[in-house]
Visitor: 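Here it is, the structure, as structure tokens.
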Number of protein chains: 2
Amino acid sequence: MINVIAKNFAKKAKIENVLELAKELVETTVKEDGCIKYEMYQDEKNPSILIMIEEWETMEDLNNHMSSEHFKKIVPKMNEYMDQKPELNICKKVL
Amino acid sequence: MINVIAKNFAKKAKIENVLELAKELVETTVKEDGCIKYEMYQDEKNPSILIMIEEWETMEDLNNHMSSEHFKKIVPKMNEYMDQKPELNICKKVL
């Protein structure tokens with residue numbers, strides 16, 4: 001099992017645009033092979049902080065996701081609305 | 001529903017100590033009222049990065065947790081083994 005925690009920092013004026021694109025990304029991604037969970041969380045104090053929490057069966061499934069047509073179409077658009085690079089952690093559950 | 005994502009940065013030589021204390025914390029915390037999820041994830045490339053993912057029914061439950069005896073006993077000990085302050089995000093699920 002592969003767990004991804006990706007913290008994104010949206011430009012304040014573009015939060016809604018990011019959420020709209022993320023909605024499209026989530027709807028397509030949850031149908032992919034090996035996708036167990038693909039969810040987005042928003043910080044209560046700083047709504048610019050948008051954290052994606054993902055769970056994949058294998059690293060191959062995650063790699064397939066990142067080279068999928070919808071990922072390559074939507075993620076670059078989202079990146080235009082970001083203030084800084086995301087913090088990406090690929091993890092295993094330990095507890 | 002309240003979601004907490006807490007990224008911790010353990011000193012390299014103290015990772016095992018942090019995991020041991022976290023195990024004790026998780027075992028007690030999952031029995032608390034309002035605790036839906038309390039899990040720890042470790043970054044595959046940088047094992048010093050330990051991310052707690054929590055889910056609580058209400059903010060009151062989270063506050064009760066943070067003022068519980070076991071939290072006040074264990075967390076200061078864990079903090080001694082950290083390289084820097086944790087990044088704490090209290091979030092709501094948006095997607």
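Side chains included, hydrogens not; waters and symmetry mates left out as well; all remaining heavy atoms used. Computed from a predicted model, the values in this text were never measured in an experiment.
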Visitor: Looking only at heavy atoms and a cut-off of under 4.5 Å, which of Ile2(B), Ile49(B), Val94(B), Leu50(B) has the most pairs with chain A?
Guide: Val94(B)
Visitor: With a 4.5 Å cut-off on heavy-atom pairs, point out which of Asn46(B), Ile53(B), Val26(B) contacts chain A the most.
Guide: Ile53(B)
Visitor: For Leu19(B), is it the side chain, the backbone, both or neither that has a heavy atom under 4.5 Å from a heavy atom of chain A?
Guide: both
Visitor: More than 12 heavy atoms of other residues, nucleotides or ligands under 6.0 Å from NZ of Lys23(A): is that the case?
Guide: no
Visitor: Where on Asn3(A) is there a heavy atom nearer than 4.5 Å to chain B: the side chain, the backbone, both, or neither?
Guide: side chain
Visitor: If you measure from the Lys or Arg side-chain nitrogens to the Asp or Glu carboxylate oxygens, is any gap between Lys73(A) and Glu24(A) under 4.0 Å?
Guide: yes
Visitor: May I ask you to check whether over 12 heavy atoms, not counting those of Gln84(B), lie within 6.0 Å of atom CD?
Guide: yes
Visitor: Could you check Leu62(B), Thr29(B), Ile90(B) and say which one makes a side-chain contact (heavy atoms from CB on, under 4.5 Å) with Glu54(B)?
Guide: Leu62(B)
